[in-house]
Undergrad: 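Below is the structure I would like to discuss, written out as structure tokens.
What you see is a predicted model, and the numbers here were worked out from it, not measured in a lab.
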Amino acid sequence: LSQTPGPTSPIFLQSDGEWDWLLAKTWRNADFYSHQLLTHHLRTHLFGEVFGIATLRQLPTCHPLFKLLVPHFHFTLYINTLAQSVLINPGGVIVKGSGVTCEGMLLIVQQGLEKATYTSLCLSDDIWHRDVVHLPSYRYRDDAMSLWEAIERWDEGLGGSCFISSIVAFYYGEDVAVSGDAELQAWVVDIFTNGFLGRTSSGIPSSLRTVAGLSKFLTMVVFTCSEQHAAVNNGQYDLGAFLPNAPSSMCHPLPAEKGKASLQHFLNPVPQVDNTANILVALILLSSRLSGHLLLGQYLEERFTEVEPHWLMRAFRGQLEEIWDRIEERNHWVKLRYNYMNLLETENSISE
């Protein structure tokens with residue numbers, strides 16, 4: 001458990017005693033604050049806010065990219081402000097439930113930001129980088145890649161239509177139009193400077209010069225604010241309702257030897273009942289839906305005046321319905337359903 005095996009840090013096995021193995025697994029799952037602060041809050045909520053603020057600050061409402069992106073920031077600023085006043089504030093649910101102070105949370109998020117890369121935010125690159133391309137039964141990868149491709153590019157397997165790439169091609173056409181768009185370049189610089197603190201090591205571009213580069217960047221923004229958030233948010237209660245799956249804190253040192261664990265040894269480190277209840281309430285709220293939410297592909301406000309974008313949006317919704325049918329068919333046959341990127345569970349923006 002300490003990552004350094006030794007006399008006081010044994011390697012626990014499934015063949016060990018029942019309580020030894022359960023306690024070891026519970027310790028291994030004790031990454032609640034890491035998931036909430038980094039995977040969930042930083043890499044979807046805060047990055048979504050960065051993209052949204054830059055869009056409102058740098059792109060005029062008549063700009064085609066403003067029209068394309070602004071539906072994906074619906075409610076995001078509101079929900080992030082609410083989180084800062086209820087969940088991650090001094091005395092808030094996360095502080096009480098995880099044992100991490102506000103100063104500690106800021107340090108964790110700061111370190112997470114320093115390690116964030118463009119590769120890790122672009123799904124297709126991230127899958128290759130983590131070497132999970134051929135990992136069997138990896139449902140997140142399978143569903144996410146289908147959706148990334150539907151958002152980004154032309155795919156004959158999805159009926160020959162596309163979304164982001166065709167929007168970009170319609171309004172820009174050639175690379176010189178991308179590099180010559182001063183408002184677009186200001187938008188990218190804003191994200192690079194204020195969101196990623198100008199770190200070139202992050203790989204986040206500080207300018208966009210090609211149609212392909214712009215399409216990929218926009219896909220990353222849309223995917224982060226919709227499918228990626230759904231993947232890391234929607235299953236939190238399903239997983240966390242059984243405390244050993246995701247304890248919000250562990251209050252005793254790591255077990256130093258085998259054969260000594262009992263029910264009491266398991267109960268001693270796990271959170272108290274009141275803390276667990278507060279965390280479960282938070283997970284229920286996080287997994288709930290706000291009234292008036294819009295699902296991915298629903299663009300009720302007709303911001304575009306040209307015919308082509310409207311046709312592309314309809315084609316995009318058709319692709320999403322085909323993917324939904326495939327997910328439903330697969331889930332019908334597998335023992336454990338993976339439904340967190342189902343299109344009926346995926347909102348157009350980060351709103352919870």
Undergrad: If hydrophobic clusters are built by linking Ile, Leu, Val, Met, Phe, Trp and Tyr wherever their side-chain heavy atoms come under 4.5 Å apart, do Val132 and Trp128 end up in the same one?
TA: yes
Undergrad: Should Asp16 and Lys258 count as an ion pair when the cut-off is N to O under 4.0 Å?
TA: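 Answer for the salt bridge query: yes.
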Undergrad: Under 4.0 Å between a side-chain nitrogen and a carboxylate oxygen: does that hold for Arg330 and Asp325?
TA: no
Undergrad: Side chains of Glu149 and Gln319: do they bring a donor and an acceptor to under 3.5 Å?
TA: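 Glu149 vs Gln319: no donor-acceptor pair found between side chains.
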Undergrad: Report yes or no: does Asp181 contribute a side-chain atom to a donor-acceptor pair with the main-chain N or O of Leu184 at less than 3.5 Å?
TA: yes
Undergrad: Check whether Glu345 reaches the backbone of Asn339 with its side chain - one donor and one acceptor, N or O, closer than 3.5 Å.
TA: no
Undergrad: Verify, without hydrogens or angle tests, whether Asn268 (side chain) and Gln264 (backbone) share a donor-acceptor contact under 3.5 angstrom.
TA: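 Indeed, once roles are kept as given, a pair shorter than 3.5 Å links the two residues.
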Undergrad: Side-chain donor-acceptor contacts of residues 272-281 below 3.5 Å, not counting sequence neighbours, with atom names and distances?
TA:
{"residue": "Thr276", "atom": "OG1", "partner": "Gln272", "partner atom": "O", "Å": "3.1"}
{"residue": "Asn278", "atom": "ND2", "partner": "Asp274", "partner atom": "O", "Å": "3.3"}

Undergrad: Report the relative orientation of the aromatic rings in Phe304 and His310; use parallel for angles under 30°, tilted for 30 to 60°, perpendicular for over 60°.
TA: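 Perpendicular: the ring planes of Phe304 and His310 meet at over 60°.
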Undergrad: Distance alone, cut at 3.5 Å: any donor-acceptor contact between the side chains of His229 and His45?
TA: yes
Undergrad: If I take atom CG from residue Asn348 and atom CD from residue Glu227, how far apart are they, to the nearest 0.5 angstrom?
TA: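 Separation between the atoms: 10.0 Å.
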Undergrad: Can you tell whether the side chains of Arg337 and Glu328 come within less than 4.0 Å, N to carboxylate O?
TA: yes
Undergrad: Would you find a donor on one side and an acceptor on the other, under 3.5 Å apart, between the side chain of Ser120 and the backbone of Ala116?
TA: no
Undergrad: Between Trp148 and Thr219, is there a side-chain donor-acceptor contact under 3.5 Å, judged purely by atom types and distance?
TA: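 Checked: Thr219/Trp148 side chains show no N/O donor-acceptor pair below 3.5 Å.
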Undergrad: For the side chain of Ser165 and the backbone of Glu152, is there at least one donor-acceptor N/O pair under 3.5 Å apart?
TA: yes
Undergrad: In terms of hydrophobic clustering (I, L, V, M, F, W, Y; side-chain heavy atoms under 4.5 Å; direct or indirect links), are Val307 and Ile164 co-clustered?
TA: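 They do not share one cluster, since no chain of ILVMFWY contacts under 4.5 Å joins Val307 to Ile164.
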Undergrad: Looking at Arg326 and Glu329, does any basic side-chain N land under 4.0 Å from a carboxylate oxygen?
TA: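 Answer for the salt bridge query: no.
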Undergrad: Ignoring hydrogens and geometry, is there a side-chain-to-backbone donor-acceptor pair from Asp143 to Met341 under 3.5 Å?
TA: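 Pair absent, no side-chain N/O of Asp143 close to backbone of Met341.
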Undergrad: Does some side-chain heavy atom of Glu183 sit less than 4.5 Å from a side-chain heavy atom of Gln58?
TA: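 With C-beta onward as the side chain, the pair stays apart.
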Undergrad: Between His35 and Ala246, is there a donor-acceptor pair closer than 3.5 Å when you use the side chain of the first and the backbone of the second?
TA: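 No; judged by distance alone, with no hydrogens or angles, the pair does not exist.
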Undergrad: Could you check whether any side-chain heavy atom of Glu174 comes within less than 4.5 Å of a side-chain heavy atom of Val211, counting everything from C-beta outward?
TA: no
Undergrad: Among Ile350, Val221, Leu121, whose side chain to side chain contact (heavy atoms under 4.5 Å, CB included) with Phe47 holds?
TA: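 Result: among Ile350, Val221, Leu121, Leu121 is the only option passing the side chain to side chain contact (heavy atoms under 4.5 Å, CB included) with Phe47.
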Undergrad: What I'd like to find out is whether the side chain of Cys122 reaches to under 4.5 Å of the side chain of Tyr118, using heavy atoms alone.
TA: yes
Undergrad: Does the side chain of Asn80 come under 3.5 Å of the side chain of His41 through a donor N or O and an acceptor N or O?
TA: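 Their side chains do not contain a donor-acceptor pair, so the 3.5 Å distance test is not met.
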Undergrad: Looking at His74, is its backbone amide N or carbonyl O close enough to the side chain of Ser349 to form a donor-acceptor pair, meaning the two atoms are under 3.5 Å apart?
TA: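 Yes; judged by distance alone, with no hydrogens or angles, the pair exists.
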Undergrad: Is a side-chain donor or acceptor of Arg141 paired with a backbone partner of Val133 at a separation under 3.5 angstrom?
TA: yes
Undergrad: For Lys260, does its backbone N or O pair with a side-chain atom of His265 as donor and acceptor, under 3.5 Å?
TA: yes
Undergrad: So does Arg209 pair up with Asp175, basic N to acidic O under 4.0 Å?
TA: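 Result for this pair is no, no salt bridge flagged.
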Undergrad: Answer whether the closest heavy-atom distance between the side chains of Val109 and Leu46 falls below 4.5 Å.
TA: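 Yes - at least one pair of side-chain heavy atoms lies under 4.5 Å apart.
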Undergrad: Side chains of Trp27 and Leu22: closer than 4.5 Å at any heavy-atom pair?
TA: no
Undergrad: Any side-chain heavy atom of Trp187 within less than 4.5 Å of one from Arg57?
TA: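 When only atoms from C-beta onward are counted, Arg57 and Trp187 do not touch, as no gap falls below 4.5 Å.
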Undergrad: Same cluster or not: Tyr33 versus Val232, using hydrophobic residues (I, L, V, M, F, W, Y) connected whenever any side-chain heavy atoms lie under 4.5 Å apart?
TA: no
Undergrad: Side-chain donor-acceptor pair under 3.5 Å between Asn233 and Tyr340, yes or no?
TA: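 Tyr340 and Asn233 do not have a side-chain donor-acceptor pair below 3.5 Å.
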